[in-house]
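Numbers here simply count residues along the sequence, with the first being 1. If you're wondering where the values come from, they're calculated on a predicted model, not measured in any experiment.
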Amino acid sequence: MLAFNSKFFRKVRVKSCRVNFVANLQKQLATLPESKYIVVEGDKGVGKSCAISSALIGAKGVVDVTIPGGTTQQRVTDMCSAAIVGGVSLSFINQKSNVERVVKWYCRIFRGGPSLVMTMSERNSGMPYAEVTGAIRALADMGVKVIVDASPNSLPAEATATKRQLVLHVEELTPEEVRSLPQLADTFKRLDKVGLSALVLRLLGGNPAEFERLAMTLDMLAAPSTDDEIRTAVEMFCGDMVSQVTKHYLAMTTHRADKLFGEIFALFKTNDTLPTTALQERELELPSPCKILRTRKVDGMGKDVLMASSPVAAFFFQHSCDDDATLEALHSLIWASSTGTPPQ
């Protein structure tokens, strides 16, 4: 049934522009030892799911499961087991023997285990992590090739600390790669027309999802759109992003440790990154999930550093975390080369 569904009712897989990453993921899947699993991590919207989908084009025996935040281990096991066996996910049905039987026969026929893509949904504030670690290990032990699609704050730390996982990090696209995306061709044509491509790339970074949201905003303009209309739409879009950063900043600085977090944010005015000791020295922990700060291991340094979670957040920090000052600077940059009249 698994092979039949995979062949005749397979999910439509999309092709990623990350040729090297996809080739490496395919290689790792082909040589993945039993009991090991793969975690593909990266920022939300950066293209993890697309890269995984591209790596599985033409693959047989692939099932996809989305795990909401807070899901219990038993429920995770039930959902994954039902997806593999092809049944209903019911807690009172123990599918372990059925999964083992399906995987056993699948391996005999296709000389390799089936693949399960476990997409971790982003958690809301205050929501616990999904209890996935035990289920992942159990499935991997049975011969299932588990691929975990994880954004920041969606996967518990123990899932990447078992020494059984291979972690592949998906970086943001380079400006050249973003511009090469066919779905953004018209967007960059409009941005080039008003000289805003470089600025938008600076503010949105290499996250394809943000550019696709901007493309939808620009597509709502009447055709043909004037230069001033394009600039106004870009300013409104980026201004909304600044407002979201401001909201999260205020949420972090109105708690009991507001002054101490204020010290952290003040340091980002002149620093792109900070050592995580800046938090430890002040006995602070980032809220989970945190939308405007993140920790990341920098190549060659071996230690985690603290940094803005997005280019817009960094832009906000550089302007002293002042909403009005940030929006004024944004307005000036967008309308600097315009001969039209900017909106007031």
Side-chain angles (χ1 to χ4, degrees), residues 13-29 32 37-57 64-69 115-123 129-130 132-133 136 145-162 165-181 183-184 201 203-214 241 244 272-273 276 286 288-301 304-314:
R13 304 283 171 187
V14 294
K15 194 169 184 179
S16 170
C17 67
R18 301 175 185 271
V19 178
N20 293 335
F21 183 91
V22 169
N24 182 41
L25 178 54
Q26 290 173 327
K27 177 183 176 181
Q28 299 301 335
L29 280 170
L32 188 67
Y37 58 92
I38 296 174
V39 176
V40 178
E41 65 173 12
D43 294 337
K44 183 179 179 181
V46 81
K48 304 180 302 300
S49 301
C50 182
I52 294 170
S53 180
S54 186
L56 294 172
I57 291 177
D64 299 83
V65 179
T66 299
I67 308 296
S115 299
L116 182 140
V117 179
M118 184 182 291
T119 301
M120 306 301 300
S121 297
E122 187 176 19
R123 295 179 304 126
Y129 287 102
V132 296
T133 309
I136 293 172
K145 295 183 178 182
V146 181
I147 309 162
V148 183
D149 181 347
S151 299
N153 301 308
S154 69
L155 190 67
E158 60 264 24
T160 55
T162 65
Q165 77 285 345
L166 170 65
V167 180
L168 302 178
H169 186 78
V170 180
E171 297 288 351
E172 290 192 341
L173 296 176
T174 65
E176 293 74 21
E177 288 172 330
V178 173
R179 291 194 65 115
S180 72
L181 296 175
Q183 67 268 33
L184 298 179
L201 283 164
L203 291 174
L204 271 60
N207 191 312
E210 296 293 359
F211 281 91
E212 289 172 359
R213 288 202 310 117
L214 175 60
M241 295 181 72
Q244 291 300 311
D272 293 331
T273 63
T276 52
L286 292 181
S288 181
C290 184
K291 297 290 188 178
I292 57 177
L293 290 175
R294 65 182 175 191
T295 57
R296 173 168 292 182
K297 194 175 296 297
V298 178
D299 293 341
M301 295 183 63
D304 287 343
V305 297
L306 186 64
M307 60 193 302
S309 62
S310 68
V312 169

Looking only at side-chain N and O atoms, does Lys48 offer a donor or acceptor that is under 3.5 Å from a partner on Ser151? yes

Any donor-acceptor N/O pair, Tyr37 side chain to Ala159 backbone, under 3.5 Å: yes

From CD1 (Ile136) to CD (Glu158), nearest 0.5 Å: 9.5 Å

Can you tell me how far OG of Ser310 sits from NZ of Lys291, rounded to the nearest 0.5 angstrom? 11.0 Å

Yes or no on side-chain contact (heavy atoms from CB on, under 4.5 Å) for Leu155 and Val148, after CA distance, side-chain angles and deciding distance? CA-CA 9 Å; Leu155 190 67; Val148 183; 4.0 Å; yes

Could you measure the distance from the CG atom of Leu181 to the CG atom of Leu173? Nearest 0.5 Å is fine. 6.0 Å

Please walk me through it: do Asp304 and Thr276 pass side chain to side chain donor-acceptor pair (under 3.5 Å)? CA-CA 7 Å; Asp304 287 343; Thr276 52; over 6 Å; no

Interatomic spacing from CZ in Phe211 to CG in Leu204 - rounded to 0.5 Å: 4.5 Å

Among Ile147, Ile38, Val170, which one satisfies side chain to side chain contact (heavy atoms under 4.5 Å, CB included) with Ile52? Ile147

With sequence neighbours left out, the residues meeting side-chain hydrogen bond (donor to acceptor under 3.5 Å, both in side chains) with Asn24 are Gln28

Output all residues satisfying side-chain hydrogen bond (donor to acceptor under 3.5 Å, both in side chains) with Thr133, sequence neighbours left out; order by chain, then residue number. none

Run the side-chain donor-acceptor check on residues 39-46: report pairs under 3.5 Å with partners two or more places apart or on a different chain.
unit_1, atom_1, unit_2, atom_2, d
Glu41, OE2, His169, ND1, 3.4
Asp43, OD1, Arg294, NH1, 2.8
Asp43, OD2, Arg294, NH1, 2.2
Lys44, NZ, Glu122, OE1, 3.0

Closest heavy-atom pair, Pro68 versus Ala130, reported as atoms and distance to 0.1 Å, is O-CB, 3.5 Å

Minimum heavy-atom separation for Val22 and Ser16, please, with both atom names. CG2-CB, 4.0 Å

Quick one: list whatever passes side-chain hydrogen bond (donor to acceptor under 3.5 Å, both in side chains) with Lys145, sequence neighbours left out. none

Check step by step if side-chain contact (heavy atoms from CB on, under 4.5 Å) holds for Leu29 and Gln26. CA-CA 5 Å; Leu29 280 170; Gln26 290 173 327; 5.6 Å; no

Apply side-chain contact (heavy atoms from CB on, under 4.5 Å) to Leu201 and Val178, showing your working. CA-CA 9 Å; Leu201 283 164; Val178 173; 4.1 Å; yes

Residues forming a side-chain hydrogen bond (donor to acceptor under 3.5 Å, both in side chains) with Glu212, sequence neighbours excluded: Gln183

Main chain of Gly205, side chain of Glu172: is a donor-acceptor contact present, judged purely on distance under 3.5 Å? no

Partner set under salt bridge (Lys or Arg N to Asp or Glu O under 4.0 Å) for Arg179, not counting sequence neighbours: Asp192

For side-chain contact (heavy atoms from CB on, under 4.5 Å), just list the numbers for Thr119 and Val65, CA-CA rounded to whole Å, side-chain angles, deciding distance to a tenth of an Å, and then say yes or no. CA-CA 6 Å; Thr119 301; Val65 179; over 6 Å; no

Would you say Ser54's side chain and Ala51's backbone share a donor-acceptor pair under 3.5 angstrom? no

Side chains of Gln165 and Thr162: any donor to acceptor distance under 3.5 Å? yes

Minimum heavy-atom distance between Ser121 and Ser154, given as atom pair plus value: O-CB, 3.6 Å

Side chain of Glu210, backbone of Asn207: donor and acceptor closer than 3.5 Å? no

